[in-house]
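Below: the structure, in structure tokens.
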2 protein chains.
Amino acid sequence: MSKLNAAPTLGDVAKKAGVSTATVSRCLNDPKRVVEATRERVMSAVEALGYTPNFAAQVMAAKRSLTIGAIIPTMENAIFARGLQAFQEELHSRGYTLLVSSSAYDPKIEKEQIRTLVARGADGILLIGHERDPAIHDYLARQNVPALVAWSYRSDAPLPSIGFDNRAAMFDLTCKVLDHGHKSIAMISGISSGNDRARERIEGFQAAATANGLDPQALPIIESSYDIESGAAAFSKLITSTPRPSAVLCGNDVLAAGAIKRATEMGLHVPNDVSITGFDDIELARVVSPALTTVHVPHRKMGRRAADMLIAMVEGSFSGTSKQLETHIIERASLGPARVT
Amino acid sequence: MSKLNAAPTLGDVAKKAGVSTATVSRCLNDPKRVVEATRERVMSAVEALGYTPNFAAQVMAAKRSLTIGAIIPTMENAIFARGLQAFQEELHSRGYTLLVSSSAYDPKIEKEQIRTLVARGADGILLIGHERDPAIHDYLARQNVPALVAWSYRSDAPLPSIGFDNRAAMFDLTCKVLDHGHKSIAMISGISSGNDRARERIEGFQAAATANGLDPQALPIIESSYDIESGAAAFSKLITSTPRPSAVLCGNDVLAAGAIKRATEMGLHVPNDVSITGFDDIELARVVSPALTTVHVPHRKMGRRAADMLIAMVEGSFSGTSKQLETHIIERASLGPARVT
DNA sequence: ACGCAAAATGCAAGCGCTTGCATTTGGGCT
DNA sequence: AGCCCAAATGCAAGCGCTTGCATTTTGCGT
């Protein structure tokens, strides 16, 4: 059945156990369909040969891979780590395997990765954010691969989603900052192009300003890529604005960590000289000093629910409704009252 | 060839282009073997149908997947992130795809993941560290899947490796700390069981102590899992030792970040009251304050070279020699002179 | 003992692709 | 025009597994 020194196949096991390949297959996939005595014989043959099923062949024959793909914008910081971890744990407990790849926030790469995951037989795909070429939806529909969007809730989007309201969360946080008496505020955002989460957070920021009688056009906003150094650089620029901001709201915790770092390097005390806030509440938020006031996102819950929903979609028992989760503000030392001038 | 509303196959493309499946296949994999006119016809059929090759079928027929698997102990912190990123970039540029999974530092899980990756047709596998059940080597040999060990160099190990000398690096760092006049030092290590890197770092620490006239048995060492909170907890314990350590060396930067955090919370100034060092030089080392004195590891270089070596192994052109890389100490503010008492 | 339905197992047809080998085609020469 | 060889293409056999259907075995009731 197979040459010397090659991996053993189902056929090898079957021959050794004196049964047909069908029986071996059933023994492995649905043991109760095989009588005890036979099963034992087969299992010990499997053991003796060190047999491992060939995944490609399984996928091909069964037309299902029990594999879910996820494409996240970046693995370089921990923004998605906790949620993804929970996602994967839940998938695992349901018998699915997770394949992850990162798109570096590039729509071209994301498109490529989607094709790759589909080609690899992913039964379903998890995507981040709603914004992408509609052709992708057609492609996924044509290939019969369900997809779910996470980290961003929207009820009217082409793909079902699970997440929270980025705009409202940032609105609330901005209000909280203004409540501390800050009049001159600024924002360091992630790159908003192709990133609905970043854009919605900007909108929330501006809307809160408007609602509190500030002119949103007058508030400086710098877009920056999501790493600590860029956050630091953006802070440097922002802090020279006139009037100098007394509070800088950041699009996520990584940017905020960069801002704090730079502020400290410049001899500014946080929050006495300048308040800084983050978004996401990743571990980093508690490590920097002072610890970050930030928006807590229920990462693990989101991951678990995402797994639930996507599996339901794959198995054809999906209700079709998107799911919105709540966020809340965590106050830590990086936000203080505006200094009286 | 294929039913309505199902993904198009090679056969569909062939029919549409009026050629055989063989020609389509060659067109896609080795275009120069097909004459221009035909190629164009085929390509536009591919385009029109939105055809994507079925990966499982390709693997099955070609018996090669152009996929490399990597199993790392954890994705939860950034220890392996940079190296893995470089590894993946290099693989990508050579036409290979990377599949990553994490073992949570559990040998059982690692074993399982190895089988999974092999079953998925990985052409080669990257592992971290040398310590594992020898049966795994047999299994890999039997399945004809080459494996390379990274993050730990050893010339006499069963598997070829690329990495650095963890023992020597920690030895040097410890000497450096002692040079600063510290007499009472302690270490927070990762869990050494099943982790040769952690164990070698402990050895280096103890050897340096011995070489400097200290009794290594007298130096407190706490093993702790690799996260910030555990590092903080370990620091709490350590700092109550008698005599109180004036310098705490940590097995990696994450532990050191936890130690700094706790020290600060306890009102201890780093480095005036206590010096703290890390290992790995990940981004976190520069974010914490004070920034960490640590061992710089050439992550990106290691990743790139690992890709080189593993591809060579897969393609059968491997020299067989392991590769050792150099590390060096980065001095930042977290290490200061011992206080004169 | 015998007959029968149910349980257990076997048969064999694919799944979509690659590739060695056979066949056809196309040019360049004579 | 007629040949010949190389280039282009087609044929068809797998790759290792799952699964619908057919066949055999088992266990019971009578």
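Proteins get letters first, then strands, A, B, ... in listed order; numbering begins at 1 in each.
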Of all the nucleotides listed ([options]), which has the minimum atom distance to the side chain of [X]?
{"X": "Ala62(A)", "options": "dT9(D), dT19(D), dT18(C)", "value": "dT19(D)"}
{"X": "Gln58(B)", "options": "dT9(D), dG16(D), dT18(C)", "value": "dT18(C)"}
{"X": "Thr9(A)", "options": "dT18(C), dG16(D), dG10(D)", "value": "dG16(D)"}
{"X": "Tyr51(B)", "options": "dC17(C), dG10(C), dC17(D)", "value": "dC17(C)"}
{"X": "Ala22(B)", "options": "dT19(C), dT18(D), dT9(D)", "value": "dT19(C)"}
{"X": "Val35(A)", "options": "dC17(C), dC17(D), dA8(C)", "value": "dA8(C)"}
{"X": "Val19(A)", "options": "dC15(D), dG10(D), dG10(C)", "value": "dG10(C)"}
{"X": "Ser20(A)", "options": "dG10(C), dA12(D), dC15(D)", "value": "dG10(C)"}
{"X": "Arg64(A)", "options": "dC15(D), dC11(D), dT19(D)", "value": "dT19(D)"}

Considering just the side-chain nitrogens and oxygens of [X], establish if one lies under 4.0 Å of OP1 or OP2 belonging to [N].
{"X": "Ser25(B)", "N": "dT18(C)", "result": "yes"}
{"X": "Asn54(B)", "N": "dC15(C)", "result": "no"}
{"X": "Lys63(B)", "N": "dG16(D)", "result": "yes"}

Tell me, please, whether Tyr139(B) has Arg115(B) positioned over its six-membered ring: NZ or CZ under 6.0 Å from the ring centre and within 45 degrees of its axis? yes
Any base atoms under 4.0 Å from [X], or only sugar-phosphate, or nothing? Heavy atoms, all strands.
{"X": "Phe55(B)", "answer": "nothing"}
{"X": "Val34(A)", "answer": "sugar-phosphate"}
{"X": "Thr23(A)", "answer": "sugar-phosphate"}

Other residues, nucleotides and ligands only: do more than 12 of their heavy atoms fall within 6.0 Å of NE2 on His137(B)?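 It does: His137(B) NE2 has more than 12 such atoms within range.
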Between Phe80(B) and Trp151(B), what is the ring plane arrangement, given parallel below 30°, perpendicular above 60°, and tilted in between? perpendicular
Rounded distance [0.5 Å steps], CD1 in Ile162(B) versus OG in Ser322(B): 9.0 Å
Send over the distance from [X] [atom1] to [N] [atom2], rounded to a whole Å.
{"X": "Asp30(B)", "N": "dA8(D)", "atom1": "CG", "atom2": "P", "value": "11 Å"}
{"X": "Leu66(A)", "N": "dC17(D)", "atom1": "CG", "atom2": "C1'", "value": "14 Å"}
{"X": "Glu36(A)", "N": "dT25(D)", "atom1": "CD", "atom2": "P", "value": "21 Å"}
{"X": "Arg26(A)", "N": "dA8(C)", "atom1": "CZ", "atom2": "P", "value": "11 Å"}
{"X": "Leu28(B)", "N": "dT18(C)", "atom1": "CG", "atom2": "C1'", "value": "12 Å"}
{"X": "Leu49(B)", "N": "dC17(C)", "atom1": "CG", "atom2": "P", "value": "11 Å"}
{"X": "Leu10(B)", "N": "dG10(D)", "atom1": "CG", "atom2": "C1'", "value": "14 Å"}
{"X": "Glu40(B)", "N": "dT9(D)", "atom1": "CD", "atom2": "C1'", "value": "17 Å"}

Which residue, Ala57(B) or Arg33(B), contacts DNA chain C at a nucleotide closer to its 5' end, judged by nearest heavy atom? Ala57(B)
Relative to the 5' end of DNA chain D, which residue comes earlier, Ala61(B) or Lys32(B), by the nucleotide with the nearest heavy atom? Lys32(B)
Paired with Val100(B), the side chain to side chain contact (heavy atoms under 4.5 Å, CB included) test is passed by just one of Ile71(B), Leu117(B), Ile72(B), namely Ile72(B)
Name the residue from Arg304(B), Arg94(B), Arg300(B) that meets the salt bridge (Lys or Arg N to Asp or Glu O under 4.0 Å) definition with Glu89(B). Arg300(B)
